[in-house]
Structures are given as C-alpha cells and as structure tokens.
S.K.: 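Structure in structure tokens, see below.
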Amino acid sequence: MTEPLFEVRGLTKRFRGLTAVSNVTFRVAAREIVGLIGPNGAGKTTIISLISGTLVPTAGDIVFEGRHIERLPAYRRARLGIGRTFQVMKPFPGLSVLENVTVGALFGTGGGERNRTRAEERAREWLKFTGLERRMDQRADALGGPDRKRLEFAKALAMNPKLLLLDEVMAGLTHVEVDEVVELIKKIREKGVTILVIEHVMKAIRRLADRLLVLHHGQQIAEGRTDEVLRDPRVVEAYLGKRRQ
Amino acid sequence: MNRYRWLALPIAAAALAVVPWFTSDTIVQYGINALLVATLAQAWNIIGGFSGYPSFGNSVFYGLGTYGTAIAMAQLHWSFGSGLVFGAVLGVACALLFGIPILRLRGPYFAIATLGLAAVMSAITATVEIAGKNIGLILPLFRGDTLFYELSLILLVAATGTVAWIARSRFGAGLVAIREDEDAAQVMGINTTTYKVAALTVAALFSALAGGIHAYWITFIDPASAFDPSLNVRMVIMTLFGGPGTVLGPVLGALILSAVSEVLASQATGVASLFYGIVIVAAVLLMPKGLLDLVQGFRDSGWRYFVDNVRRYRI
C-alpha cells in the first residue's frame with residue numbers, strides 16, 4: 001500500500017455503558033474507495049461521525065495526512081479536506097439548491113472560496129456534475145428523494161474534499177438510481193477524491209469498493225479486498241446468521 | 001427600472017432626513033422612537049433572523065447602552081460621545097461574555113437563557129450604587145429633537161447597511177447555514193461558535209447605541225424601563241412581521257407597526273394594548289415569513305397565499 005491518506009488506530013467510542021465502536025484500526029490510501037459494511041447497529045455511522053468530528057472518540061487516534069485530528073472540532077476537519085454526507089439527509093431546507101451548494105464552496109477545504117460570486121460559479125459546476133442543474137432555483141425541501149441525495153453529494157463535493165465520507169447514500173433508491181449513484185461515485189474518485197462509503201446495497205458495494213471493512217457489534221471482524229471479504233464465512237455469518245449443521 | 005433600484009434607499013433615507021424641517025415636534029418625537037425601535041429590530045434580525053437564534057437578551061444590550069451612557073454622563077460627567085462609546089463597550093462586552101456559554105444552547109433553551117439574563121441584569125442594576133440603584137439616573141438636559149432624530153436615522157442607516165453587507169457576504173451565508181441546520185453547517189467548515197458570537201456582538205453594538213441615544217434624549221432612566229422585556233418582544237414581532245433574514249423587512253415592519261400602534265394609542269386605547277398580540281397571532285397564522293414574502297407570495301398566488309400558509313404549517 002502507498003502512503004495512507006488517513007489512518008485510524010484503536011478507535012473506540014463508548015456511550016455510557018454501550019461500546020458502539022471498539023478498537024477499530026484501518027488505513028485508507030489516496031484515491032481508494034473503501035466500503036464500511038455491517039449489520040444495523042454495528043457502529044458504521046459512529047465511525048463516520050468520529051472521523052468527521054461530529055462525535056469525540058473515547059480512545060484512539062485519527063491521523064489525516066500525517067496529522068492527528070481526533071481532538072479537532074468538526075469545522076477544522078472540514079477545512080483540512082474531510083467532507084461527509086448524512087444518512088438522515090441534512091439539506092438547508094429553506095435555501096435554494098444553488099444556495100445550499102454555494103455554502104459548501106464558500107467554506108470547506110482550506111476555508112473555501114471567499115468570494116461569493118466565484119463560489120456560486122463553482123457551485124453551478126457541481127450541480128451540473130451531479131445532474132441537479134435544472135433544480136437549481138428550487139427550495140431544497142421541495143426536492144424528491146433521489147434529488148435530495150444528489151444535493152447531499154453536491155454540497156459535500158463543493159467543499160472540494162480530499163476525503164469524502166458517504167453514509168448510506170443509496171438507501172431507498174431504485175435499481176436504476178443505484179446504478180447512477182455508483183457511476184457518480186466512480187466519477188468523483190476519478191477527480192482524485194478518496195472515499196469511505198457505508199452501504200447496505202451489496203450490488204453497489206461490490207462494484208465500487210476496492211477494499212472492505214466489516215463491523216459487527218462495534219468490532220472489526222474482517223478487512224481486506226472486496227471479493228475476499230465477501231467470501232469470508234465470518235462475514236456471511238454476521239449478515240445471514242450461522243448455517244445450521 | 002431595476003437599474004435604478006439601488007437609488008431607492010438613499011432617496012428614502014434623504015427623505016426621512018429632511019422630515020424635522022417640514023413637520024411638527026410631535027412627529028419628530030414619534031420619529032425618534034420609531035427609528036430607534038427600527039434599529040433594534042434590525043439588530044435583532046442579525047441574531048434572530050439570520051442566525052435563527054431567538055434572543056430575548058437584546059433588551060439587555062439596549063439597557064446596558066442606556067446605563068453606560070447615563071453613568072458616563074450623569075456620574076462621571078463625560079461627554080455624550082464618550083458616553084455612547086462606554087455604553088456600546090458594555091453591551092458588546094456582555095455579548096462576548098455571555099454569548100459563548102448561552103449560544104451553546106439551541107432553540108427554546110437559548111430563548112429562556114436570554115430571558116433569564118434580562119431578569120438578572122435588571123435586578124443587578126437596581127442594586128448598584130453608581131447606577132442609581134432602583135431610583136435610576138437623571139442625565140443633563142439637552143433640548144435638540146432634530147439632533148436626536150438625525151442621530152437615530154444615521155444609526156438605522158448604519159444598521160441596515162451592515163445587514164445589507166451581511167446578506168451578501170460569506171459571513172451571512174454562514175449565519176444562514178447555521179439557522180437552517182447547525183450540524184450540517186459545522187461539518188461544511190463553518191466555525192459556528194465564532195459566527196454566532198460575532199452575530200450576537202454586532203446585534204449588541206447597535207442595540208446599545210440605540211439605548212445610549214434614547215437615554216440622553218429621554219434624560220431619565222430606571223431599571224424597569226431600561227431592561228423592559230416587552231421592548232424585546234416588540235423587536236421580535238416587528239422583525240417577524242416585516243420579514244426575518246431580509247434586509248428591509250425589519251425596518252418596514254418596525255415603521256409600519258409603530259405608526260399603527262401610535263395611532264391606536266391615541267384613538268382607541270383599549271384596542272392598542274391588544275394590538276401587538278393580534279399582530280403576532282395574525283402574522284404567525286397568515287404570513288409566517290413576513291411582509292416581504294407576503295408581497296411576493298400575493299403577487300404569485302393571490303389570496304391562496306394565506307390558505308397555503310395555514311395548510312403548510314398545519315395550524
């Protein structure tokens with residue numbers, strides 16, 4: 001593996017008695033797509049929140065481009081180049097689609113583009129890229145499901161992130177829409193963005209991820225190349241239950 | 001037509017500026033009050049309308065401006081200018097000091113904490129020797145309504161200019177993002193704490209200056225009138241009525257509502273006391289996004305605008 005873009009060592013998060021994430025360690029190389037899979041409640045979203053800074057880890061290190069970031073507030077991490085989407089989508093509901101994405105361009109990596117006109121131009125490009133151009137002037141809360149997901153993407157992309165954390169962006173999409181989003185994510189990687197993606201849609205994860213990290217009850221039960229991990233009996237068991245003898 | 005739209009504001013300001021030379025003393029006195037209240041509404045707009053933090057502590061900043069100016073002039077015998085600065089420093093210091101802990105709270109918790117701040121400040125002032133305890137202070141008498149009128153107008157123009165800048169700036173985009181979804185704003189790289197405290201501080205500055213001008217004009221102040229929570233309620237109503245988060249909404253809202261309430265107070269005293277209550281209920285039900293949105297919405301969909309609002313917010 002080449003020099004990792006970022007690395008997580010012994011990451012642990014306890015909520016009172018519950019250990020949501022326990023001693024998780026992995027590395028992600030630049031331009032890699034790593035899938036984070038596991039049953040519901042395995043701690044996947046918690047890991048993304050710990051990396052993006054929405055949650056503070058109980059223990060462990062998060063190293064991004066050689067720098068410890070586990071104690072930095074979320075906005076500082078965003079400025080270093082970490083963008084995320086939310087599983088429960090968080091558009092700015094009362095703003096237009098264009099305004100939503102402009103916020104990403106105005107802030108984000110390195111503090112963003114400070115000039116509002118230029119930030120708006122940049123936002124338009126991302127709207128084109130995500131296929132939302134014709135919805136530009138609509139209010140974000142007027143968008144339908146798939147367009148809302150596109151908006152989550154566009155907002156995060158406008159931040160110009162080096163690392164993009166995607167939290168279940170395909171849930172609730174039709175087959176055709178899943179294919180579209182898979183293509184979109186591949187296009188984003190071609191732009192040089194590293195991606196950590198939580199996904200339940202197996203068909204999508206198989207086509208996207210170079211490597212997989214499997215979580216179960218907050219523990220890391222497997223890690224490796226996608227095809228190998230998906231054949232691992234422990235992974236099959238965690239997902240489907242034990243085969244009866 | 002649109003090319004000349006920006007001219008409308010300087011023309012309106014100039015028209016307001018010459019009012020004292022063409023009207024009666026009563027109108028000028030009413031004008032001072034209306035302009036100061038419009039400034040307060042505009043200041044509330046920055047923290048309440050743009051950042052979405054419903055502050056009930058703005059009357060504290062106003063009160064501190066009032067007392068700062070009064071203490072400086074009545075007790076320390078400073079000039080009016082230094083008094084204004086002193087009052088503004090107190091207001092801004094209060095916003096910086098209490099803003100950081102209080103702005104960690106969200107929604108109704110924030111509102112209640114600011115309400116508490118107002119009660120505490122009023123109580124403290126009533127026990128401080130230099131602030132005249134609960135009797136209050138008398139400032140040197142200065143008759144010059146025209147001067148106070150022009151000062152109030154300048155302050156309102158400055159506040160509105162600041163809001164116009166905020167509305168177009170990166171700072172304003174950050175505040176609006178915080179209002180719409182604070183968690184999302186933070187992971188997009190917005191230093192939410194600094195932004196909120198900055199918004200509250202700017203609001204405090206204009207509120208305190210308005211308090212200072214009012215103190216010297218009215219010449220007598222006491223804790224009950226300086227820290228009057230109903231003044232804060234008026235700022236909220238006027239801003240919501242005109243259009244929170246817009247540049248001109250709070251000014252229009254304040255000027256219209258003060259005019260109507262002034263007329264009612266002299267013509268129909270019974271109705272006058274009910275007036276703000278009725279306005280807030282009607283505004284929340286029929287035009288929750290304010291006057292400016294109403295104008296736009298009415299043009300687009302006529303009377304249906306009201307029906308749509310009632311339906312959308314399921315009242």
Side-chain angles (χ1 to χ4, degrees), chain A residues 48-49 51-55 72-86 88-96 98-120 123 139-142 151-152 155-161 165 167, chain B residues 45 48-53 100 103-104 106-107 164-198 240 243-247 249 287-290 292-293 296-297 300-301 308-309 311-314:
Chain A
I48 283 204
S49 294
I51 298 170
S52 68
T54 319
L55 291 175
L72 291 186
Y75 80 91
R76 295 270 308 271
R77 301 191 201 188
R79 287 181 188 182
L80 289 177
I82 301 179
R84 78 169 285 185
T85 67
F86 286 92
V88 180
M89 286 164 281
K90 285 180 174 293
F92 301 122
L95 304 188
S96 75
L98 179 63
E99 286 168 330
N100 262 273
V101 180
T102 304
V103 172
L106 276 172
F107 297 91
T109 308
E113 165 60 62
R114 273 141 212 280
N115 179 297
R116 223 163 139 164
T117 319
R118 281 201 293 274
E120 222 164 78
R139 268 173 61 121
D141 57 3
L151 179 59
E152 274 298 289
K155 276 169 69 188
L157 286 170
M159 293 166 61
N160 214 0
L165 310 166
D167 194 352
Chain B
N45 187 32
F50 280 86
S51 334
Y53 273 74
I100 294 166
L103 285 164
R104 296 172 76 102
R106 292 188 186 180
W165 172 81
I166 288 175
R168 294 155 159 268
S169 69
R170 178 171 178 263
F171 175 62
L175 294 184
V176 168
I178 290 171
R179 176 187 76 204
E180 296 290 322
D181 193 312
E182 194 163 340
D183 295 328
Q186 203 163 20
V187 299
M188 288 175 87
I190 298 169
N191 185 349
T192 49
T193 310
T194 306
Y195 271 54
K196 289 185 290 185
V197 173
L240 294 185
T246 64
V247 177
M287 37 175 276
K289 297 183 72 194
L292 294 182
D293 189 65
Q296 178 68 40
D300 293 348
S301 43
D308 288 345
N309 271 331
R311 280 217 191 105
R312 182 177 311 152
Y313 298 97
R314 298 216 170 89

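To find a chain, count down the sequence lines: A is the first, B the second, and so on, and within it residues start at 1. These numbers come from a predicted model, not from an experiment.
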S.K.: Do you know which of Ala74(A), Pro93(A), Ala156(A) has the most heavy-atom pairs under 4.5 Å to chain B?
M.R.: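 Winner by heavy-atom pair count: Pro93(A).
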
S.K.: Do Ile190(B) and Val103(A) come close enough that some side-chain heavy atom pair is under 4.5 Å?
M.R.: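 Yes; the side chains approach each other to less than 4.5 Å.
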
S.K.: Just list the donor-acceptor pairs under 3.5 angstrom between chain B and chain A, please.
M.R.:
from: Ala167(B); atom 1: O; to: Arg116(A); atom 2: NH1; distance (Å): 3.0
from: Arg168(B); atom 1: O; to: Arg116(A); atom 2: NH1; distance (Å): 3.4
from: Ser169(B); atom 1: O; to: Arg116(A); atom 2: NH1; distance (Å): 2.6
from: Arg170(B); atom 1: NE; to: Leu106(A); atom 2: O; distance (Å): 2.7
from: Arg170(B); atom 1: NH2; to: Leu106(A); atom 2: O; distance (Å): 3.4
from: Arg170(B); atom 1: NH2; to: Gly111(A); atom 2: O; distance (Å): 2.7
from: Glu180(B); atom 1: OE1; to: Gly94(A); atom 2: N; distance (Å): 2.6
from: Met188(B); atom 1: O; to: Gly108(A); atom 2: N; distance (Å): 2.9
from: Gly189(B); atom 1: O; to: Arg79(A); atom 2: NE; distance (Å): 3.1
from: Gly189(B); atom 1: O; to: Arg79(A); atom 2: NH2; distance (Å): 3.1
from: Asn191(B); atom 1: ND2; to: Tyr75(A); atom 2: OH; distance (Å): 2.9

S.K.: Non-hydrogen atoms of chain B under 4.5 Å away: do they reach the side chain of Ile82(A), the backbone, both or neither?
M.R.: backbone

S.K.: Highest number of heavy-atom pairs under 4.5 Å with chain B: which of Gly94(A), Gly53(A), Pro73(A)?
M.R.: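 Option with the greatest count: Gly94(A).
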
S.K.: Using non-hydrogen atoms and a 4.5 Å limit, figure out which bit of Pro91(A) sits close to chain B: side chain, backbone, both or neither.
M.R.: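 Backbone only.
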
S.K.: Looking only at non-hydrogen atoms, find the nearest pair between Ala184(B) and Phe92(A) and report the distance.
M.R.: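 Where Ala184(B) meets Phe92(A) most closely, the heavy atoms are CB-CE2, 3.9 Å.
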
S.K.: Which atom names give the shortest non-hydrogen contact between Phe107(A) and Met188(B), and what distance separates them?
M.R.: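 Closest heavy-atom pair between Phe107(A) and Met188(B): CB-O, 3.2 Å.
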
